[in-house]
Amino acid sequence: MKARNKSTLRVAQLGILLALVIVLQSIASFGVINICLCLIPITLGAMLLGWKSGLALGISFGAVAAFWGIVGKDIFTLYLFQANPFMTIVICLVKGAAAGVIPALLFKWISGIKCLGKSSGLVASIVAAISAPIANTGLFALGCVIIKDDVIGVAGQLGVAAESFVTLLFVGLIGVNFFVEFLVNVVLSPALNKLTEVLQKQFK
């Protein structure tokens, strides 16, 4: 009976976090510069429920981002989709999955380091929180480099100079996004640690 209640609780928590990811990413997808606040519930789910839940939340994030790009609400993702549809979807899903799995694995590993003592949970939370935007933005930037010729080709058709586009992409879009997402996750990491401890006690 206890095992069934625990399983039901985990499913309910995953459902709530999934809804938050979808809503937050949908709100963020309107415009050119998109700040992924949904990395917060993804990181929390990864820390609390493990890598499988982190993977589910991350892929959901990537799927929602790709969807809003394809329908034209996320302007920059739409731009990438026009340049290379297949790779744009792959980039969205892979970076989302990594943003869910990597924090979960790091949190579990660091939490088990005995020499850190009572601070292991906080250290693990901080590392997990900052790894999410690093994985998300890093893989997105790598994907853009892979398809840069296609993207620059579309930019040329629109009359945009290749050098201006690359500057806008890596400094204006990726740089600003990463800085804000990184800062938000660092600031909230102690709160994520405390919330994780409280919810883990419910399981026990």
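Just so it is clear, the values below take in all heavy atoms, side chains as well, and ignore hydrogens, waters and symmetry mates.
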Closest heavy-atom contact between [X] and [Y]?
X	Y	answer
A124	S111	CB-OG, 3.4 Å
A99	I42	O-CG2, 3.6 Å
V21	P41	CG2-CG, 3.9 Å
A97	L55	CB-CD1, 3.6 Å
L48	Q13	CD2-OE1, 3.6 Å

Should [X] and [Y] be counted in the same cluster of Ile, Leu, Val, Met, Phe, Trp and Tyr side chains packed under 4.5 Å apart?
X	Y	value
I70	F86	no
L93	I147	no
L139	I146	yes
Y79	V90	yes

Applying side chain to side chain donor-acceptor pair (under 3.5 Å) as the test, list every pair that has at least one member in residues 48-66; sequence neighbours left out.
none
By the definition side-chain contact (heavy atoms from CB on, under 4.5 Å), identify the one residue from L17, L57, I27, V64 that meets it with I22.
V64
Measure the [atom1]-[atom2] distance between [X] and [Y] for me, rounded to the nearest 0.5 Å.
X	Y	atom1	atom2	value
K95	F61	NZ	CZ	3.5 Å
L44	S125	CG	OG	9.5 Å
I102	N136	CD1	CG	10.0 Å
I59	L18	CD1	CG	11.5 Å
L39	I130	CG	CD1	13.0 Å
N84	D150	CG	CG	5.0 Å

For I40, side chain to side chain contact (heavy atoms under 4.5 Å, CB included) partners two or more places apart
V184, N185, L188, L192
Quick one: does any side-chain atom of T88 pair with a main-chain N or O of L80 as donor and acceptor, under 3.5 Å?
yes
Is there a side-chain contact between [X] and [Y] (heavy atoms, below 4.5 Å)?
X	Y	value
F81	I89	yes
I113	S120	no
F140	I91	yes
M47	P103	no
L20	C38	no

Do W68 and T77 meet the criterion of a side-chain donor-acceptor pair at a distance under 3.5 Å?
no
